[in-house]
Each structure stands twice: as structure tokens, then as C-alpha cells.
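First up is the structure itself, then whatever we jot down about it.
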Amino acid sequence: MSLIDLRSDTVTQPTEAMREAMARAPLGDDVYGEDPTVNRLEAYLAERLGFAAALFVPTGTMSNLLGLLAHCERGDEYIVGQQAHTYRYEGGGAAVLGSIQPQPIEMEADGSLDLARVAAYIKEDDFHFARTRLLALENTMQGKVLPLDYLARARSFTRERGLALHLDGARLFNAAVKLGVDAQEIARHFDSVSVCLSKGLGAPIGSVLCGSQALIDKARRWRKMVGGGMRQAGMLAAAGLHALEHQVERLAEDHANAQLLAEQLRGLGFEVEPVQTNMVYVQMGDQAGALKARAAEQGIKLSTAPRTRLVTHLDFHAEHIPRVRELFAGFR
Ligand SMILES: *Cc1c(COP(=O)(O)O)cnc(C)c1O
């Protein structure tokens, strides 16, 4: 019986074709700027998203951190959602390493930040206050896609208020595929975008920060400082390039599987939130603990909670759905 893992889209194994691309990649020392494959990945993604420059880093956490450090100085602050990865799930890195103060605010149900509320939190220029420098958004946010017209409004709002705009686009391509637009249509509203290669795209490691040349030069200095300068990293960049060239359109399959999964669970009588991309949220209430144990017995890995999240990915197939349905059927 094959293992089914619905904890995250980070659990995928590189495909044979990806492994071959990694093995064949021309390499050099990237700290000297001499790894041709890293250089190719950075140039490729910068161009694809419409930025002047890009920087390859090991993780999305580092990519977001470098973005925050490059936009903000000591004593600056960024406005961010309470549930955003860049506030909640990155160990407080911007505060710890950059002396940058987060100003978290409540999020809207669609994953956006209400711009009137953002405006109310921008601090005036007064030495009592941290200097508000940046607004950080996330797309997709818990599987939800931010509307393009909202992004346009956030862009003009931040321009008017003299703020920079950063996107945690860990799942940027899920958003683009869902909207049926080029990823650049999303990215163009931002001053910097962080993209994860190791989520739905299926690479084993890697994220890329995109921005202006000046921003990326600054981020590159910080990357060295925090220990992210890698050497023959082209082996890893090759996996990311392969993913970007061959595994973007495929995200639609993950979205379709998430829809199917949601329909099955609804059919069983579960309360399931509307699905937009590759995440299914199902209300398990106090059955969450029992669900985890039963799932493990049946070779299904879940991160259970009262609001349980199921994530579809490269290694989850429509054929797996009946087994998941059967597991949940035991709780009705
Ligand atoms: C996964 C993720 C990141 C970065 O995660 P790493 O595990 O550090 O690569 C950042 N933001 C979001 C929304 C994520 O899902």
C-alpha cells in the first residue's frame, strides 16, 4: 500500500527527469558568481516575472528575510497580516536579525489586508514611532488567490504612501495558474517577490527573491551574512529550472484533485471551505486527534487540527482519493 501524504506540498520527491537535469547541470562556485546554472535560474525567473534581478536562496524563509532586510533598516517596520508566513512562521527573523518591527493586522476572509486598515496603522513621521516602510502580502494565502484588482489597488496605495510592497509568493504559480494569467500579471504590482521552488513546483530545495538590481545587491550581501552563500549550488538550481520549465501548468492537476477531494468530503457531510487552489480545509472539531491516529494506521499522513488542512501535490493522484474518502467516512 503506497503512502499518501497530505500534510504539505513540500513532501514531493524529485522526478527522474528532474534528477537527470540536476546531475547534468554545469556548475561553478556561486559565491564567486560563477555557477552558470544558478545564474541561468536567476536570470530566467527575473525575466519571467519582470524584474531586473533575482537571487537564489535555500529556503522561502531566507528569501522573505532577505527581502525584509533589503527594504527596511533598523528601526523600520513592515505591516503584515496576523496569519502571514512572514509574520507568524519565520521565527521572528526580521526582528531578531534586522531590528525590524512587524506591525501585524487582522486579515480579511479572502486573504487580503484591508487598505483602509493598513492606512490606519501607518505611523506618522515622529521620533516616537518606528518608520513604516513596507507592506507585505502573501499569495496564495492559505490556498486563496488575491484578486488582481486588489493587487493594483495595493500598488497605487503603497506608491501614494511611500511604502514598498513585498509579496511572499511561495505559491505564486498556483495563483497564476488558477487565474489563468502569466505570473508576471501578479508580480508586476510588487517591488519584490519571493517564490518557492520546493512547494507545488516539486523541487527538493530552493527559493528565489526577485527585485530591482539595487535591492538584490543588498539582499546578496545579507545572504552571505546569514550563511546562505552556497557554492556549486547549480545542482539545486537545475531542479528549480526544470520545475519552472516543466511543472508549472501541472499545478492545475493539484487544484482539480483538491476540488475532487473537497467534493467527496462534503458528500460525507463534512464542512469544507471553498477550494481555490491546492488546499482543502475541513472542520474536524474534536475528532482531529482520532483522525490523525486512524490515518497513520491506514498509511495516510495528515497534519490534523480542528480546522484540518489537506494539501495536494505532485505525488498525490486522483487514484488516492477513494482511500482518503474511506478514512474520513469512518468519522461520520
Ligand atoms: C513554505 C512557505 C514559505 C517558506 O518556507 P521555507 O520552508 O522556509 O522554504 C514562505 N511563505 C509561505 C506562504 C510558505 O508556505
Side-chain angles (χ1 to χ4, degrees), residues 5-12 14 41 45 49 54-71 78 80-94 96-97 102 104 107 110-113 134-146 151 165-178 183 186-187 190 192-211 219 222-223 226-228 230 233 236-237 239-240 243-244 251 254-255 258 276-281 303 305 307 309-314:
D5 196 337
L6 286 164
R7 289 173 300 170
S8 176
D9 48 9
T10 57
V11 300
T12 57
L41 170 66
L45 200 57
L49 299 186
L55 185 67
F56 181 56
V57 296
T59 65
T61 298
M62 189 183 288
S63 182
N64 281 324
L65 173 68
L66 302 187
L68 293 168
L69 290 170
H71 282 294
Y78 65 110
V80 61
Q82 284 284 3
Q83 278 76 39
H85 206 281
T86 45
Y87 171 58
R88 201 179 165 108
Y89 299 103
E90 297 183 359
V96 174
L97 299 165
M107 309 191 69
D110 68 357
S112 69
L113 297 177
L134 175 79
L135 175 62
L137 299 177
E138 187 171 319
N139 196 13
T140 62
M141 173 67 205
Q142 300 193 350
K144 292 181 199 135
V145 180
L146 298 183
L151 300 184
L165 187 59
H166 172 75
L167 178 65
D168 177 356
R171 296 184 179 83
L172 169 70
F173 286 97
N174 291 83
V177 165
K178 171 65 184 178
I186 298 172
F190 294 87
S192 54
V193 174
S194 164
V195 177
C196 284
L197 304 167
S198 60
K199 302 276 167 86
L201 293 179
I205 185 171
S207 285
V208 178
L209 179 70
C210 298
W222 278 116
R223 184 184 69 172
V226 299
M230 299 183 286
L236 305 170
L244 289 166
L251 292 169
D254 298 345
H255 301 174
Q276 293 187 22
T277 57
N278 67 332
M279 294 186 188
V280 180
Y281 285 91
S303 9
R307 178 176 177 245
R309 182 186 80 162
L310 311 175
V311 188
T312 58
H313 51 72
L314 184 63

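Indexing begins at 1, ligand by ligand and atom by atom, following the structure's order.
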Before signing off on this row, confirm whether Glu138 and ligand 1 have an N or O atom pair separated by under 3.5 Å. no
I need the nearest protein heavy-atom contact for atom 11 (N) of ligand 1: residue, atom name and distance, please. Asp168 OD2, 2.6 Å
re atom 1 (C) of ligand 1, the protein heavy-atom contact at minimum distance is Lys199 NZ, 1.3 Å
Mark up the atoms of ligand 1 that fall under 4.0 Å of a heavy atom belonging to Thr59, in ascending order. 8 (O), 9 (O)
Give yes if a backbone or side-chain nitrogen or oxygen of Thr140 is under 3.5 Å from a nitrogen or oxygen of ligand 1, and no if not. no
Polar contact flag, side-chain donor to acceptor under 3.5 angstrom, His85-Glu138: no
Can you name the atoms of ligand 1, numbered from 1 with element, that are less than 4.0 Å from a heavy atom of Glu90? 10 (C)
Check the side chains of Asn64 and His166 for a donor-acceptor pair under 3.5 angstrom, ignoring hydrogens and angles. yes
Yes or no on side chain to side chain contact (heavy atoms under 4.5 Å, CB included) for Thr61 and Tyr89, after CA distance, side-chain angles and deciding distance? CA-CA 8 Å; Thr61 298; Tyr89 299 103; over 6 Å; no
Mind checking whether Met141 has a heavy atom under 4.0 Å from ligand 1? no
With heavy atoms only and a cut-off of under 4.0 Å, state how Arg171 meets ligand 1: side chain, backbone, both or neither. side chain
If only side-chain N and O atoms count, and only distance matters, is there a donor-acceptor pair under 3.5 Å linking Ser194 with Ser63? yes
At a 4.0 Å threshold, what atoms of ligand 1 neighbour a non-hydrogen atom of Thr61? 4 (C), 5 (O), 6 (P), 8 (O)
How does Asn64 reach ligand 1, if at all, at less than 4.0 Å between non-hydrogen atoms: by side chain, backbone, both, or neither? side chain
Checking a contact table here: which protein heavy atom is nearest atom 6 (P) of ligand 1, and how many Å away? Gly60 N, 3.6 Å
Determine yes or no for a side-chain-to-main-chain donor-acceptor pair under 3.5 angstrom, with Tyr78 supplying the side chain and Thr86 the backbone. yes
Decide whether Arg171 and Gln142 meet the rule of one side-chain donor and one side-chain acceptor closer than 3.5 Å. no
Where the side chain of Ser198 meets the backbone of Ile205, is there a donor-acceptor pair that is under 3.5 Å apart? no
Please state which protein non-hydrogen atom is closest to atom 10 (C) of ligand 1 and give its distance, to 0.1 Å? His85 ND1, 3.3 Å
Given 3.5 Å as the limit, does a donor-acceptor pair link the side chain of Asn278 with the main chain of Thr312, or not? yes
